[in-house]
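Numbers here are sequence positions counted from 1.
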Amino acid sequence: MAKKNEPAPGAPVDASGKPYTFEKALARLEAIVDELEDGKLALEASIARFEEGVTLTRFLESELGRAQKRVEELVESAGGAATKPWTGDEPEEDDDAL
């Protein structure tokens with residue numbers, strides 16, 4: 001696994017050709033979302049930003065998966081408690097009544 005703030009192998013690259021770190025990719029994705037929500041981009045620019053966002057999202061998901069596996073390996077090797085997959089936020093009981 002790449003060290004903190006070091007790009008991972010196969011990471012997407014920024015406009016200057018440097019590979020993104022997880023943190024920079026997340027910041028760029030947030031900026032893209034803001035641009036798209038603003039609604040001021042032309043159609044082709046919006047599509048290009050969306051495509052870039054998809055690439056960044058896939059990279060971020062991959063990095064999170066790698067981090068999760070690493071944490072599980074560390075917990076297991078330390079003889080600690082078993083980890084379990086996160087199933088997301090539990091819906092509140094009142095949500096079903098609506």
Side-chain angles (χ1 to χ4, degrees):
M1 180 178 226
K3 293 180 182 177
K4 186 177 180 180
N5 293 327
E6 242 181 64
V13 295
D14 64 17
S16 66
K18 293 182 181 178
Y20 279 109
T21 61
F22 180 88
E23 293 79 7
K24 288 185 179 184
L26 183 59
R28 177 61 184 145
L29 181 59
E30 290 171 347
I32 289 170
V33 169
D34 290 342
E35 287 181 81
L36 291 172
E37 286 179 343
D38 188 34
K40 294 182 180 177
L41 293 174
L43 178 61
E44 287 302 315
S46 294
I47 292 170
R49 295 298 191 295
F50 182 81
E51 185 176 9
E52 182 183 357
V54 168
T55 299
L56 292 170
T57 299
R58 288 180 180 152
F59 168 70
L60 292 167
E61 287 175 342
S62 171
E63 288 301 290
L64 286 173
R66 287 172 14 115
Q68 179 181 354
K69 286 178 185 176
R70 182 71 178 131
V71 167
E72 289 172 356
E73 290 171 1
L74 290 169
V75 169
E76 287 177 21
S77 70
T83 59
K84 65 178 186 177
W86 181 65
T87 58
D89 293 329
E90 299 280 331
E92 294 187 25
E93 291 179 28
D94 294 341
D95 289 346
D96 295 335
L98 296 177

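- With hydrogens and angles disregarded, a donor-acceptor distance shorter than 3.5 Å links the side chain of S46 to the backbone of A42.
- Here CG of L56 is found 12.0 Å from CZ of R49. Values are rounded to the nearest 0.5 Å.
- Remark: E52 engages R28 in a salt bridge, criterion side-chain N to carboxylate O under 4.0 Å.
- To the nearest 0.5 Å, atoms CD (Q68) and CD (E73) are separated by 11.0 Å.
- Distance check: L26 CG to F59 CZ gives 10.5 Å after rounding to the nearest 0.5 Å.
- Counted within 6.0 Å of CD on E51, heavy atoms from surrounding residues, nucleotides or ligands total 12 or fewer; the atom is thus considered open.
- With values rounded to the nearest 0.5 angstrom, F50 atom CZ is found 8.5 Å from L36 atom CG.
- In this structure, R58 does not pair ionically with E61, as no charged nitrogen and carboxylate oxygen lie closer than 4.0 Å.
- Of the inter-residue distances, the one linking L29 atom CG with K24 atom NZ reads 16.0 Å to the nearest 0.5 angstrom.
- At least one side-chain heavy atom of L41 sits under 4.5 Å from a side-chain heavy atom of E35.
- In this structure, CD1 on I32 lies 12.0 Å from CD on E37, to the nearest 0.5 angstrom.
- Between Y20 and V13 the shortest side-chain heavy-atom distance does not fall below 4.5 Å.
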